[in-house]
Amino acid sequence: MDAATEATRSLQGLSPELTARVPQLLEAMRTVGAGLDLHVTLDRIVATAAELADARYAAIGIIDETRTGLSDFVTYGVTPQQHEQIGALPDGHKGLLGALIHDPRPLRLDNLTDDARSAGFPPGHPPMRTFLGVPIRVQGEVFGNLYLTEKRGGAEFSEEDLHMVRVLATEAGIAIGNARLHAATRQRERWIDGSVAVTTELLAGSDVDDALAVVAEQARKLADSAAGIVLLPDDEGGLEIVAVSADDPAGIMGTQIPNDSPVVEQLLTGEPVFVEDSASDPRMVTDIAQRFGPSMMLPLKSGGRVLGTLATPRSRGARPFTAAERTLATQFAAQAALALVLADAQRDRERLAVYEDRDRIARDLHDLVIQRLFATGMILESAQRRTIVPDVAQGVGKAVDELDVTIQEIRTAIFALQQGPAEAPSGLRTRVLREIGTAAVPLGFQPSASFVGPVDSRVGELTGKNLIAALREALSNAFRHAQASRIEVVVDATIRLPDGTDGVRLTVADDGIGIPDGGRRSGLKNLAKRAESLGGCSTYGPGVGKDGTGTTVRWEAPL
C-alpha cells in the first residue's frame with residue numbers, strides 16, 4: 001500500500017489529461033488486485049494495462065531464477081493462430097527483452113525497430129512499432145517486465161501513458177506478491193497433505209513393496225512429474241529401481257545404476273542430486289534417462305541412515321523444478337523415509353505377534369491334539385485285536401491308518417509353524433508354500449497348491465519377488481473379503497504371454513462371495529500395477545464355487 005501511495009503521488013502536478021484518467025487508473029488498479037490465482041492475475045494485468053494505455057498488444061516477461069532470461073511469457077492481443085506461426089516464446093536472452101532484464105528501467109520508444117538493441121521479429125510475428133516497457137517489482141525485487149506495443153490509432157505512447165503504467169505496475173507487483181504467497185501456501189499444504197497420506201497408508205499395514213509404491217505415486221503427483229521412482233541399494237553397491245509410478249512403466253522396473261555412477265556416491269551419502277536435463281546430463285548413465293528432462297533425486301534418509309532414493313523426473317522439455325519445489329520435495333522425502341522406518345517397525349511387531357501365535361498353536365497341536373489322536377489310535381488297535389468279526393476288524397484298521405496319516409500331517413504343520421523366516425529356502429516353490437502356510441492361520445484352512453513346469457529354475461528373482469507379493473495380496477483379499485471355504489493356488493511357469501514371450505502365471509481361485517458391484521478395487525489395482533511394471537497383466541473372473549461363485553485372480557509376468 002505504501003508503494004502504491006508513493007506511486008500515486010507522482011501524478012500530482014501533472015497535466016489535466018492525466019488527472020482526468022485517474023478514475024480509469026483506480027478502476028484498473030482495483031481490477032488487477034482482485035483474485036489470488038497467479039496465472040489469472042497475470043492475464044488480468046496484461047489485459048488491464050493494454051486497456052489503460054490503449055495498446056493493441058501487451059505482455060509480461062517473468063524473469064527466471066538465474067536472472068538471465070525469461071521463465072514465462074504471458075501475452076495479450078496475440079491470437080492463437082499467430083502464436084502458432086511465431087513458434088517458441090522469447091527467452092529474454094537477446095533483444096529489447098533481454099536489455100530490460102539487465103537494465104530494469106522504464107523505456108519508451110517511438111519505433112522499437114530503430115533501437116540498436118532490437119533483434120527483430122520471427123516469421124509470422126505481427127508488426128509492432130511503438131513500445132513501452134516498465135519493470136514490475138515484487139517485494140523490492142524485479143519479478144519481470146510489462147511490455148506494451150502498438151498504441152491504437154497510430155499514435156505514440158505519451159509521458160502520461162508512462163506514468164499511468166508505472167502506477168499500474170506497482171499495483172501489479174503487490175497483486176503478484178499476494179498471488180505468489182497464496183500459491184506458495186497452497187503448494188506447501190499439498191505437500192503436507194501428501195506426507196500425511198503417505199504416513200497414513202504406510203502405517204495401515206501395507207507390505208514393503210506396496211509401501212514403496214505408495215511413496216512413488218504420491219511423489220509423482222505432488223511434484224507434477226512424469227514418473228515417481230524409488231531405488232534401493234543393491235548387492236553390488238549401486239541402486240536398483242524397485243517401485244515405479246508412471247503412465248508407461250514398462251522397462252523401468254529393475255533398472256540398476258552401477259556403483260561407479262557419479263550420482264550414486266552422492267545419494268548414498270545423503271546428498272540430493274538435481275538434474276536440469278536427464279537426457280543430456282553425463283552423470284545419468286542409464287538408458288531410461290533418455291526419456292526424461294528435469295529431475296530430482298532425493299535420498300530417503302532417516303536417523304543418519306539412507307534407506308534408498310526417491311526420483312521425480314519430468315518429461316523432456318518440461319519446466320525445471322523451482323527452489324521451493326526442491327525444498328518441499330526434500331522435506332517430503334525425509335518424512336517418507338521416517339514413515340517407512342515406522343511402518344517397518346510396525347510390521348516387525350506384527351510378524352513377532354504372528355510367530356508367537358504360531359508357536360502357541362504348534363505347542364497346542366503337539367501337546368494336546370497329537371497325544372489325544374495317539375491315545376485314540378491305541379484304543380482302536382486294542383479293540384481291533386479283541387474283535388472276532390472280520391469286517392469290524394478291517395474297518396477299525398482303516399481308521400487307525402487314517403489316524404497315522406493325520407498325525408504325520410499335523411507334525412508337518414507343526415514343523416512349518418515353528419520354522420523361522422531365516423530358515424526358509426530361497427526356491428520360489430518353497431516361498432509360495434510358505435506364504436500359503438502363513439495364510440492358513442487366519443483363514444482357518446489350508447489352501448491347495450500346485451505347480452506346472454520348473455518353477456524354481458525358470459522364474460527370475462525380480463519376477464519371483466513380485467509374484468510372492470501378488471500371492472500375498474490375493475490371499476489377503478480372500479481372507480478379508482471373500483468369506484471362502486476353499487482356495488486353490490496354481491503357479492504355471494510354462495505359459496506364453498500375448499506378445500509371445502515366455503511367462504509365469506499365478507492363479508488364485510476361491511469359492512467365496514465374489515466381488516460385489518461398487519466394491520473397492522484397491523487390491524486388484526495393486527496387482528495390476530505390479531504386473532504392468534514388469535510388462536505383464538492381471539485379470540479376474542468367476543471363482544471355483546458352485547455355479548462359478550467366488551473369484552479367480554490371474555497374475556502374469558515375463559520370466
Side-chain angles (χ1 to χ4, degrees), residues 32 37-50 53 55-80 82-109 112-113 115-126 128 131-150 165-166 168-170 172-177 179-180 183-184 224 274 276-277 280 293-294 314-326:
V32 165
D37 184 272
L38 181 57
H39 291 286
V40 173
T41 298
L42 294 174
D43 288 335
R44 188 182 294 119
I45 290 171
V46 292
T48 304
R56 187 181 299 275
Y57 305 107
I60 290 179
I62 302 171
I63 299 176
D64 62 22
E65 292 187 349
T66 65
R67 317 297 299 174
T68 61
L70 299 176
S71 62
D72 201 358
F73 198 74
V74 181
T75 64
Y76 169 83
V78 180
T79 66
Q82 289 173 325
H83 268 302
E84 186 174 350
Q85 292 175 356
I86 295 170
L89 294 173
D91 56 15
H93 290 151
K94 58 183 180 180
L96 281 173
L97 304 187
L100 283 173
I101 292 175
H102 299 293
D103 186 15
R105 291 184 296 177
L107 178 64
R108 182 164 59 94
L109 299 173
L112 61 86
T113 58
D115 193 284
R117 295 166 292 182
S118 177
F121 298 117
H125 197 286
M128 295 180 181
F131 177 86
L132 182 61
V134 176
I136 298 177
R137 287 181 167 82
V138 177
Q139 298 177 347
E141 184 180 64
V142 177
F143 169 82
N145 289 292
L146 174 60
Y147 313 109
L148 300 167
T149 60
E150 284 300 284
V165 173
R166 288 181 65 184
L168 183 66
T170 302
I174 298 171
I176 291 170
R180 290 176 70 184
D224 191 24
F274 302 106
E276 294 298 326
D277 183 22
S280 60
R314 282 179 173 157
S315 302
R316 297 190 66 175
R319 64 177 180 85
F321 292 97
T322 65
E325 287 175 325
R326 294 180 179 187

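Nothing here was measured: the structure is a model prediction, and the numbers come from that model.
Using a 4.5 Å heavy-atom threshold, the side chains of M128 and F121 count as touching. When side chains are defined from C-beta on, I45 does not count as touching V74, because their heavy atoms never get closer than 4.5 Å. A 4.5 Å side-chain heavy-atom check between L109 and L112 finds at least one atom pair inside the cut-off. Taking the side chain as every heavy atom from C-beta outward, V46 and T75 never approach each other to under 4.5 Å. In this structure, the side chains of F131 and R108 stay at 4.5 Å or more apart for every pair of heavy atoms. Residues V165 and L132 meet the side-chain proximity criterion, which asks for heavy atoms closer than 4.5 Å. Between Y147 and L107, every side-chain heavy-atom pair lies at or beyond the 4.5 Å cut-off. The closest side-chain heavy-atom distance from I86 to P126 is below 4.5 Å.
Although no hydrogens or angles enter the test, the distance criterion places a donor-acceptor pair under 3.5 Å between the side chain of Q82 and the main chain of T79. A donor-acceptor pair under 3.5 Å links the side-chain atoms of R314 to the main chain of R319, judged by distance alone. Panel note: side chain R56, backbone G77; no donor-acceptor pair is recorded below 3.5 Å. For S315 (side chain) and A318 (main-chain N/O), no donor-acceptor pair under 3.5 Å exists by modelled atom type.
Considering all non-hydrogen atoms of both residues, A58 and L148 come closest at CB-CD2, 3.4 Å. Among all heavy-atom pairs drawn from A49 and L146, the shortest one is CB-CD2, 3.8 Å. Residues F73 and A59 share a closest heavy-atom pair of CZ-CB, 3.6 Å. The two residues V134 and A169 make their nearest non-hydrogen contact at CG1-CB, 3.7 Å. Residues R137 and P104 share a closest heavy-atom pair of NH2-O, 3.7 Å.
Counting only N and O atoms by type, the side chains of D277 and S280 include a donor and acceptor under 3.5 Å apart.
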Trace of the side chain to side chain contact (heavy atoms under 4.5 Å, CB included) decision for L70 with I62: CA-CA 5 Å; L70 299 176; I62 302 171; 5.8 Å; no

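For E150, the salt bridge (Lys or Arg N to Asp or Glu O under 4.0 Å) criterion is met by no residue, not counting sequence neighbours.
When N145, L100, I101, I63 are each tested for a side-chain contact (heavy atoms from CB on, under 4.5 Å) with P135, only one passes: N145.
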